[in-house]
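Presented below is the structure to which this report refers.
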Amino acid sequence: MSDLIIAIDGPVGAGKSTAARLLAKRLRYRYIDSGAMYRALTWKALQVGLDLDDERSVRRLADATSIALEPDGDRERILVDGQDVSRQIREREVEQATSKISIYPSVREVMVARQRHMAAQGGIVMDGRDIGTVVFPDADVKFYLTARLEVRAERRYLEVQAAGASRKISELTEEIELRDARDMGRHTSPLRRADEAITIDTSDLPIAQVVDAMEEEIRRKVAAAKGLTRVP
Ligand code: DC
């Protein structure tokens, strides 16, 4: 399968990026982490001391900023104007500020245009919040990943620990609830399941099984829509 567009949406901690990365590897597709693009812009806005409440300035900055995603072993390298900021964009301060700038319609417009451009040749797996609803309403296959709140908090806890930090699970749970409320409650491109998206609850599934289920679904859809693309 050489040219499909696979859209994956879902809330924080649903396992989107891990599943998307593995799926892309199996299909030999490119993985695009759209959240990293919003984080990258936010990192730069904080660096230059921009007023994050001023949508027009953030939009101007978006226009003037180059954001590149490059494969780097099993992960990706995120470059802002050529500088590697892969680690910095995961910091808490950046994370919290990102949900602020990602509500701006004019900023999303720039990001969506870039995401569509990156996918122009097909053969991509992209994850985020609005991929199946706004960025690629005609995506070949759409998934909506979800998981129970306590499982998502636990995953976040392990991630934070692996990064050498320590946080209370109750605090992380509250943060996730807050981010859910922001992502789902915002006016522009809120997180929601696209009508035709296939929902996978990842709470009790090992990641390999999640990816198996996705791959099977893709192959089934391709076979059903004969002529959509080449099936190996
Ligand atoms: O998936 P993530 O945690 O890296 O996303 C970071 C932030 O960007 C989060 O606040 C949601 C937002 N985001 C978005 O608004 N639209 C996307 N397509 C992806 C992420």
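All values derive from a computational prediction rather than experimental measurement. Order of appearance sets the numbers: ligands from 1, and atoms from 1 within every ligand. In this chain, residues are counted from 1 in sequence order.
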#### Entry: Arg167 atom CZ, neighbour heavy-atom count above 12 within 6.0 Å
yes

### Query
Side chain or backbone of Arg179 under 4.0 Å from ligand 1, or both, or neither, by non-hydrogen atoms?
side chain

### Query
Can you tell me which residue and heavy atom of the protein come closest to atom 8 (O) of ligand 1, and the distance to 0.1 Å?
Thr98 CG2, 3.5 Å

### Query
Are the charged groups of Glu95 and Arg90 less than 4.0 angstrom apart, N to O?
no

### Query
Should Asp130 be listed as contacting ligand 1, given a heavy-atom distance under 4.0 Å as the test?
yes

### Neighbour count above 12 (heavy atom, 6.0 Å) for Arg148 CZ
yes

### Message
Using a 4.0 Å cutoff against the non-hydrogen atoms of Gly35, which atoms of ligand 1 qualify?
### Response
4 (O), 5 (O), 19 (C), 20 (C)

### Message
If hydrophobic clusters are built by linking Ile, Leu, Val, Met, Phe, Trp and Tyr wherever their side-chain heavy atoms come under 4.5 Å apart, do Trp43 and Leu79 end up in the same one?
### Response
no

### Task
For ligand 1, note which part of Arg186 has a heavy atom under 4.0 Å away: side chain, backbone, both or neither.
side chain

### Query
At under 4.0 Å between heavy atoms, which part of Val12 makes contact with ligand 1: side chain, backbone, both or neither?
neither

### Query
By number and element, which atoms of ligand 1 are closer than 4.0 Å to a non-hydrogen atom of Ser102?
12 (C), 15 (O)

### Query
Among the heavy atoms of Arg108, does any lie under 4.0 Å from an atom of ligand 1?
yes

### Query
Between Lys100 (side chain) and Leu52 (backbone), is there a donor-acceptor pair under 3.5 Å?
no

### Task
Using a strict cut-off of 4.0 Å, indicate which atoms of ligand 1 neighbour a heavy atom of Arg39.
2 (P), 3 (O), 4 (O), 6 (C)

### Task
Using the side chain to side chain donor-acceptor pair (under 3.5 Å) rule, take Glu55 and Ser106 through it: C-alpha gap first, then chi angles, then the decisive distance, then the call.
CA-CA 8 Å; Glu55 176 174 353; Ser106 64; 2.7 Å; yes

### Query
Is the count of non-hydrogen atoms from other residues, nucleotides or ligands lying under 6.0 Å from Glu70 atom CD greater than 12?
yes

### Under 4.0 Å to a heavy atom of Ser99 - the qualifying atoms of ligand 1, by number
10 (O)

### Query
Please walk me through it: do Arg152 and Thr202 pass side chain to side chain donor-acceptor pair (under 3.5 Å)?
CA-CA 10 Å; Arg152 295 161 56 205; Thr202 67; over 6 Å; no

### Task
Select the closest option to atom 1 (O) of ligand 1 among Arg129, Lys16, Arg182, judged by heavy-atom distance.
Arg129

### Query
Can you tell me the protein heavy atom closest to atom 19 (C) of ligand 1 and the distance?
Ser34 OG, 3.3 Å

